[in-house]
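This report concerns only the one structure given below.
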Amino acid sequence: MSNYEDMLAVKRALRKDIKRALSQISPPLRVTYGEQLQQSLLKSDVYKRATSVAVYISMPEEVPTGEILADLLQSESRKKCYVPLVQGENMMMLRVYSMDDLNSFALNSMNIPEPTLTASTPHGDVAREDATNTGVDLIIVPGLAFDMKGGRLGRGKGYYDRFLKQMKSKTQPTCTTASLIFPCQQVDGVPVDSHDETVQYLFLPDNVYNTSS
């Protein structure tokens with residue numbers, strides 16, 4: 001095997017291990033962790049100073065993001081909210097304008113609500129703002145495994161790695177990245193290569209880590 005093939009094998013094994021560990025978190029503990037992690041982010045300086053936030057819509061096995069979305073989309077919020085839309089091999093982050101807008105999303109093939117390219121308004125359909133063009137201050141990045149250097153192991157499709165690389169090179173090199181993770185997702189080392197993007201802040205139930213310090 002080549003070094004690259006060896007790394008892919010290690011990544012596959014690590015994904016399998018983390019998925020097994022995630023499946024073993026009890027429902028009550030999952031709820032407790034989810035509330036702790038979301039509240040920790042909402043109270044953090046990185047969130048408070050952001051005027052625009054891109055956040056994933058969580059799947060059942062992921063750290064939930066419902067409270068974050070609700071905070072961003074409340075009528076008095078001054079923050080812009082963006083959520084993912086996958087098209088082919090690429091991912092966009094498109095603006096959501098309200099909870100009603102969010103609740104109107106249809107489910108994609110993975111049963112995740114996903115925006116359309118346009119949003120309905122009282123004045124007709126309008127093209128949604130694209131974070132790649134407008135920039136965004138904070139990106140909440142999902143994943144399976146993370147280490148204290150910011151290494152991140154995703155699900156193997158590369159959507160977030162490509163999106164983050166595009167954001168940093170084209171629109172906003174200084175955008176902040178953060179991930180909310182269950183304790184079992186923290187590992188000693190994540191195998192990374194030149195295509196893998198790191199995460200700046202890791203939020204665990206008991207602490208927040210700046211991986212760049």
* To do: Could you tell me which non-hydrogen atom of I57 sits nearest to which non-hydrogen atom of P84, and how far apart they are?
  => N-CD, 4.4 Å

* Backbone N or O of Q36 within a donor-acceptor pair of the Q39 side chain at under 3.5 Å? -> no

* Describe, in one word, how the ring planes of Y160 and F163 are oriented to each other, choosing from parallel (under 30°), tilted (30 to 60°) and perpendicular (over 60°). => perpendicular

* Side chain T211, main chain M148, donor-acceptor under 3.5 Å -> no

* Give the minimum heavy-atom separation between D147 and V190, together with the two atoms involved. => OD2-N, 2.8 Å

* Would you call K149 and T198 a side-chain contact if the rule is heavy atoms closer than 4.5 Å? -> no

* Pairwise side-chain contact, F105 with E114, heavy-atom cut-off 4.5 Å (strictly under) -> no

* Please name the pair of heavy atoms, one in Q38 and one in T65, separated by the smallest distance, quoted to 0.1 Å. => OE1-C, 3.1 Å

* To do: For the residue pair D193 and M7, establish whether any side-chain heavy-atom pair is separated by less than 4.5 Å.
  => yes

* Asked: Within the side chain of Q200, is there an N or O that forms a donor-acceptor pair under 3.5 Å with the backbone of A178?
  -> no

* Asked: Counting N and O atoms only, with roles assigned by atom type, does the side chain of S44 sit under 3.5 Å from a partner on the main chain of L41, one being a donor and the other an acceptor?
  -> yes

* To do: Evaluate the criterion salt bridge (Lys or Arg N to Asp or Glu O under 4.0 Å) for residue pair D17 and R12; output intermediate values, then yes/no.
  => CA-CA 9 Å; D17 290 344; R12 283 194 296 269; over 6 Å; no

* Asked: Mind checking whether F146 and L204 have side chains closer than 4.5 Å, heavy atoms only?
  -> no

* Spacing of Q186 atom CD and L202 atom CG [to the nearest 0.5 Å] -> 7.5 Å

* Structure fact -> Value for OH (Y56) from CD1 (I140), rounded to nearest 0.5 Å, stands at 8.0 Å

* Structure fact -> What one should report as the nearest heavy-atom pair of A54 and M93 is CB-SD, 3.8 Å

* Please tell me if the side chains of E129 and Y97 come closer than 4.5 Å, counting only heavy atoms from C-beta onward. => yes

* Donor-acceptor pair, side chain of T177 and main chain of V199, under 3.5 angstrom -> no

* **Separation between CZ of R49 and NZ of K79, rounded to the nearest 0.5 Å** => 10.0 Å

* Asked: Charged N to carboxylate O below 4.0 Å: is that the case for E89 and K157?
  -> no

* To do: Is it possible for you to say whether L102 and L117 belong to one hydrophobic cluster, with membership spreading through side-chain heavy-atom contacts below 4.5 Å?
  => no

* Go through E197 and R162 one step at a time and tell me if the salt bridge (Lys or Arg N to Asp or Glu O under 4.0 Å) criterion holds. => CA-CA 8 Å; E197 292 290 321; R162 289 190 292 273; over 6 Å; no

* To do: Without swapping roles, check the side chain of S98 against the backbone of D101 for a donor-acceptor pair under 3.5 Å.
  => yes

* Asked: Any donor-acceptor pair under 3.5 Å linking the side chain of S77 with the backbone of L73?
  -> no

* Asked: Checking side-chain contact (heavy atoms from CB on, under 4.5 Å) against P113, which of V83, L107, N103, V96 comes through?
  -> L107

* **Residues R155, E61: salt bridge by 4.0 Å N-O rule** => yes

* Is any side-chain N of the basic residue among K11 and D6 closer than 4.0 Å to the acidic one's carboxylate O? -> no

* Residues T134 and Y82: side-chain donor-acceptor under 3.5 angstrom -> yes

* Gap between atom CZ of F182 and atom CD1 of I18 - 0.5 Å precision -> 12.0 Å

* **Spatial distance of atom CG (L153) from atom CG (D196) [nearest 0.5 Å]** => 8.0 Å

* To do: State, with a plain yes or no, whether a side-chain heavy atom of C175 is found less than 4.5 Å away from one of L138.
  => no

* Just checking, is any N or O donor in the side chain of Y47 or D71 under 3.5 Å from an acceptor N or O on the other one? -> yes

* To do: Side-chain contact test, heavy atoms from C-beta onward, threshold under 4.5 Å: evaluate it for V86 versus N108 and give yes or no.
  => no

* Asked: With distance as the sole test, does S179 use its side chain to make a donor-acceptor pair with the main-chain N or O of V141 at under 3.5 Å?
  -> yes

* **Separation between OG1 of T118 and CG of L94, rounded to the nearest 0.5 Å** => 10.0 Å

* Asked: Does the side chain of I68 reach to within under 4.5 Å of the side chain of L180, using non-hydrogen atoms?
  -> yes

* To do: May I ask you to say whether D161 pairs ionically with R152, meaning some side-chain N is under 4.0 Å from a carboxylate O?
  => yes

* Please assess D45 against K48 for the test salt bridge (Lys or Arg N to Asp or Glu O under 4.0 Å), listing each intermediate value before the final yes or no. => CA-CA 5 Å; D45 288 340; K48 289 180 179 178; 5.2 Å; no

* Asked: Strictly by modelled atom types, are N210 and S212 linked by a side-chain donor-acceptor pair under 3.5 Å?
  -> yes

